[in-house]
Amino acid sequence: MSKKTENAENKNEQTKQSTSQVFKNNLFFMKMMFKASPKFVLFPALDAIRGQVSIFFEHLILIGYVLEAAEFGYPFRRVAAVILIFAAAITLGMVFTVLAGDYMQEKERPKVREKIKLMLYEKARSVDLACYDDPEFYNSQVLAISEVDKQIDQTMEFIKSVLSGLTVFILTGGYFLAKDKVSIIFVVITFVITFGLNQIYNKFSYKVRIRRNPHERKREYVKRVFYLKDYAKEIRLDPEVTDVLEERFVEANNEVLEAEKSLAHKKFGIAYLKDHIFGHLIGDTLYTAYLVYRYAIMHAINLSTMVMLFNWFGGLKNSLRIFTETYPKACETSLYIQKIRDFLGYEPKVVSTSETKPSSPAKALTLEDVSFSYKENLPAVLSEISMAVKPGEKIALVGYNGAGKTTLVKLLMRLYDTTSGRILADGIDVKDYDLTSYRNSIGTVFQDFEIFAGSVRENVILDTIDHADDAKIRQALTDSGLLKRAESLPMKLDTALTHEFSEKGVDLSGGERQKLAISRVFYQNASLMILDEPSSALDPIAEYQLNHAMIEATKEKTVIFISHRLSTTRLADRIFMLEEGHIVEEGTHDALLAKNGKYAEMWKAQAGAYINV
């Protein structure tokens, strides 16, 4: 294992927390739950207290009264009346449990989960794109979101356990103090030792979870490959790939197993000490011997008191055991909640520095010595890029894979900020614009675009249909060449796409999907349009038609094409050739061919066999 990996693992496995931090984290999450639904927290909490009060009076007070009545000959009617009163109170308590504890909790739980998850989803929408390039942050984000349901349930159990244990401790502890103070010592000794061991055990459990997480992600990826439709064709055409995937699944599974085994012996040893040595030996056997000694040798307590103390010692011990088990679980929960807090507390670095809004119908762009690296310790992806784009100009970025074309347009959209240099839009540094307004002024189609599980209409506007302009949607679909196909669908523009949420959903072809993605740009009517491989999935005729439709629809717009198909770049006013993060050539199509440089080399490789150049 390398030192870097070792340091990363050590960093991940830091599980030390102060009691104050544990309290603050759990309180933070309780407040989130309470804000989402006060009933979800309050009613089960009250029921936890009521349940223990009921048990105490039923099993100790009532039984004690019945034994006393038998001993001293109380009247039957009097005893029967007391029993009936207790029975009525217990019945009412059970009704409260069903309505407040069970029904209310089941009814409100979905609401709590929904509101907290929406809060996390809203945050996920605003974090910097660079966060997805950081495996540590991404792992924490996945863990934070995936653990929400579990942490809601565990926090609720924590609340109920604490209140339940506290109620038992106050009621039963008061009884023990009145009858035999020394018995409390046995309870306290068991409590302190078990508490410490439980804390150690749960820290080991958290360490195992952290070690498992990256390997479980690999395992989940393989699982997705086998059930997602996206991979179905490749798996059937190249079944050998499943051997590789299965091998990786086994490797990931073995890594998960190794993570479990890494601390299994320690966890077993701690659990054995906690449950058997200090739980049963000291807690039960020695205390029983003490009671017999007090009764038979010292004659300090009578038989009935000895019986009651013996019977209720388990209850008092369990009430404290709840604390010994609950606090370490609260520590474990706190570690996950800290992930959630860190995620929610993340402050984006790409932010608005003013409220200036873009105004011109077509952007003028200027890049001044722009350089960029995804991380400080990685080589620059772009180096000293300088270029100027006039309003309404059509620009093409070409180059081999990895040249930096897509990274450049991500900087133009401020998905990232430059490492050095600056980008100006209409003479203003893009950092000085209101971020949301600036991004809204740019229409984009990425080469790895996504079709969402929604209707055709929703996929065009990428918004709720309340804000839809039907005429604009149809015009956008017309410009992209998809309207005829959309109108032929069973529910026309309201037809659901994909089978994710509807059995009647429709799957579009690759070319149709690309046309749909392009229609989003036309609908947006942005002042700057960025088209990353806009026609890669289209046949030559559809590509020709789309290119001319795009030129016609974007007459007064600034457009930046990224394309490996150089037939598209012929439509551009100017072409920039990128190589290893540098602009190596610039000019019109004809000028670059005449130069007989790298662009001409790419052109001849694609078209030379068919066209005499």
Is the shortest side-chain heavy-atom distance between [X] and [Y] below 4.5 Å?
X	Y	value
I451	L508	no
F452	E458	no
L415	V350	no
V208	F204	no
K39	K111	no
Q105	F43	no
S441	Y438	yes
M413	L129	no

- Begin with the C-alpha distance, continue with both residues' side-chain angles, and end with the deciding distance and a verdict on side-chain contact (heavy atoms from CB on, under 4.5 Å) for I562 and L408. CA-CA 10 Å; I562 298 177; L408 180 57; over 6 Å; no

- Can you list the residues that meet the side chain to side chain contact (heavy atoms under 4.5 Å, CB included) rule with T366, with sequence neighbours excluded?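 Once residues adjacent in sequence are excluded, the partners of T366 under the side chain to side chain contact (heavy atoms under 4.5 Å, CB included) criterion are E368, L424.
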
- Item | side chain to side chain contact (heavy atoms under 4.5 Å, CB included) involving A36 - partner list, sequence neighbours excluded |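 Result, side chain to side chain contact (heavy atoms under 4.5 Å, CB included) vs A36: V112, K115.
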
Are there more than 12 heavy atoms of other residues, nucleotides or ligands under 6.0 Å from atom [atom1] of [X]?
X	atom1	value
K472	NZ	yes
F23	CZ	no
K31	NZ	no
K107	NZ	no
K267	NZ	yes
E255	CD	yes

Check: [Y] main-chain N/O paired with [X] side-chain donor or acceptor under 3.5 Å:
X	Y	answer
K515	S480	no
S262	A259	yes
S371	E384	yes
S373	L378	yes
S352	S354	no
N253	F249	no
T498	A453	no
R414	V351	yes
T155	I152	no
S519	V460	no

- Message: Between D417 and K349, is the side-chain contact (heavy atoms from CB on, under 4.5 Å) condition met? List the steps.
- Response: CA-CA 9 Å; D417 276 336; K349 297 176 178 60; over 6 Å; no

Regarding [X] and [Y], does a basic nitrogen lie under 4.0 Å from an acidic carboxylate oxygen?
X	Y	answer
K405	D532	no
R457	D470	yes
K329	E332	no
R485	E512	yes
E251	R248	no
R113	D153	yes
R217	E220	no

Can you tell me how far apart [atom1] ([X]) and [atom2] ([Y]) are? Round to the nearest 0.5 Å.
X	Y	atom1	atom2	answer
I518	Q514	CD1	CD	5.0 Å
H582	L382	NE2	CG	9.0 Å
T558	M529	OG1	CE	10.0 Å
I560	I530	CD1	CD1	5.0 Å
Y433	K357	OH	NZ	12.0 Å
L397	L531	CG	CG	11.0 Å

- Message: Restricting to salt bridge (charged side-chain N to carboxylate O under 4.0 Å, His left out), what partner residues turn up for R212, sequence neighbours left out?
- Response: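 Partners of R212 under the salt bridge (charged side-chain N to carboxylate O under 4.0 Å, His left out) test: E216, E260.
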
- Side chains of D342 and Q338, donor plus acceptor under 3.5 Å: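 Yes.
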
- Query: Are a donor atom and an acceptor atom from the side chains of T356 and D432 found within less than 3.5 Å of each other?
  - Reply: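 Not at all, the side chains of T356 and D432 share no donor-acceptor pair under 3.5 Å.
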
- Query: For M119 and K35, what are the C-alpha separation, side-chain angles and deciding distance, and is it a side-chain contact (heavy atoms from CB on, under 4.5 Å)?
  - Reply: CA-CA 12 Å; M119 189 185 302; K35 186 177 180 181; 5.8 Å; no

- Message: Before you tell me yes or no, could you show the steps for Y416 and Y374 under ring-ring contact (aromatic ring centres under 6.0 Å, His included), namely the whole-Å CA-CA distance, both residues' side-chain angles and the distance that decides it to 0.1 Å?
- Response: CA-CA 9 Å; Y416 296 89; Y374 283 100; 5.3 Å; yes

- Query: Between F28, F343, F29, Y206, which is the residue that forms a ring pair (Phe, Tyr, Trp, His ring centres under 6.0 Å) with Y336?
  - Reply: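 So, applying the ring pair (Phe, Tyr, Trp, His ring centres under 6.0 Å) to Y336 and each of F28, F343, F29, Y206, only Y206 qualifies.
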
- Query: Do you know which two heavy atoms are closest between S334 and N25, and how far apart they sit?
  - Reply: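 Heavy atoms only, the tightest pair is OG-ND2, 2.8 Å.
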
- Task: For D149 and K117, run side-chain contact (heavy atoms from CB on, under 4.5 Å): C-alpha distance rounded to whole Å, both residues' side-chain angles, the deciding distance at 0.1 Å, then the answer.
- Result: CA-CA 9 Å; D149 287 354; K117 283 182 178 178; 3.1 Å; yes

